[in-house]
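Take a look at the structure below.
Positions are given from 1 along the sequence.
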Amino acid sequence: MTQPTHHQIATFLTDHALSELVRYVIEDTGCGIEQAMEKVYNSPLMELLQDEEGELYVQSPAYLYELMNKDNVQ
C-alpha cells in the first residue's frame with residue numbers, strides 16, 4: 001500500500017472540515033444546507049483553509065468554526 005501524498009491528506013482533511021462547518025452552521029442557525037454552504041464557502045476562512053502551506057486544515061472543525069465566526073479572520 002502506498003502512502004498518501006501531502007496533497008491527498010490536505011484535501012481529505014479540508015473536505016472533512018468543510019462538511020463539519022456546514023453542519024455547525026445548520027445546527028446553530030437553523031438555516032438550510034444551501035445557506036449554510038454559502039456562509040462557509042464565502043467566509044474569509046475558506047481561502048485560508050485551502051492554503052496547503054498554511055496547514056490550517058489540521059485544526060479541529062470546532063476551532064475552525066470559532067475562527068470563522070470571529071469578525072477579524074484575515
Over 12 non-hydrogen atoms of neighbours within 6.0 angstrom of [atom1] in [X]:
X     : atom1 : value
Ile9  : CD1   : yes
Glu38 : CD    : no
Gln3  : CD    : no

Open item on the list: Give me the atom names and distance for the closest heavy-atom approach of Gln59 to Leu64.
Closed with: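 Gln59 and Leu64 have their closest heavy atoms at O-CD1, 3.9 Å.
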
Task: Closest non-hydrogen atom pair between Thr29 and Val25, with its separation - done: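 So the two residues come closest at OG1-O, 2.7 Å.
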
If you measure from [atom1] on [X] to [atom2] on [Y], what distance do you get to the nearest 0.5 Å?
X     : Y     : atom1 : atom2 : answer
Leu56 : Leu49 : CG    : CG    : 5.5 Å
Lys39 : Met68 : NZ    : CE    : 5.0 Å
Met37 : Asn42 : CE    : CG    : 10.5 Å
Tyr65 : Lys70 : OH    : NZ    : 14.0 Å
Ile26 : Glu34 : CD1   : CD    : 10.5 Å
Gln50 : Leu18 : CD    : CG    : 7.0 Å

Open item on the list: For Glu20, give me all partners under side chain to side chain contact (heavy atoms under 4.5 Å, CB included), at least two apart in sequence or on another chain.
Closed with: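 For Glu20, the residues satisfying side chain to side chain contact (heavy atoms under 4.5 Å, CB included) (neighbours in sequence not counted) are His16, Arg23, Tyr24, Pro61.
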
Open item on the list: Going by the rule side chain to side chain contact (heavy atoms under 4.5 Å, CB included), which residues pair with Glu53 if we only count those two or more places apart in sequence or in a different chain?
Closed with: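 Listed in chain order: Asp51.
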
TODO: Please examine the side chains of Leu48 and Leu67, heavy atoms only from C-beta on, and report whether any two atoms are closer than 4.5 Å.
DONE: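 When only atoms from C-beta onward are counted, Leu48 and Leu67 do not touch, as no gap falls below 4.5 Å.
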
- [ ] Kindly indicate whether the side chain of His6, heavy atoms from C-beta on, has any atom under 4.5 Å from the side chain of Glu55.
- [x]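 His6 reaches Glu55 side chain to side chain.
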
TODO: Just jot down the ring pair (Phe, Tyr, Trp, His ring centres under 6.0 Å) partners of Tyr57, sequence neighbours excluded, or say none.
DONE: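 If we apply the ring pair (Phe, Tyr, Trp, His ring centres under 6.0 Å) test to Tyr57, skipping adjacent residues, there are no hits.
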
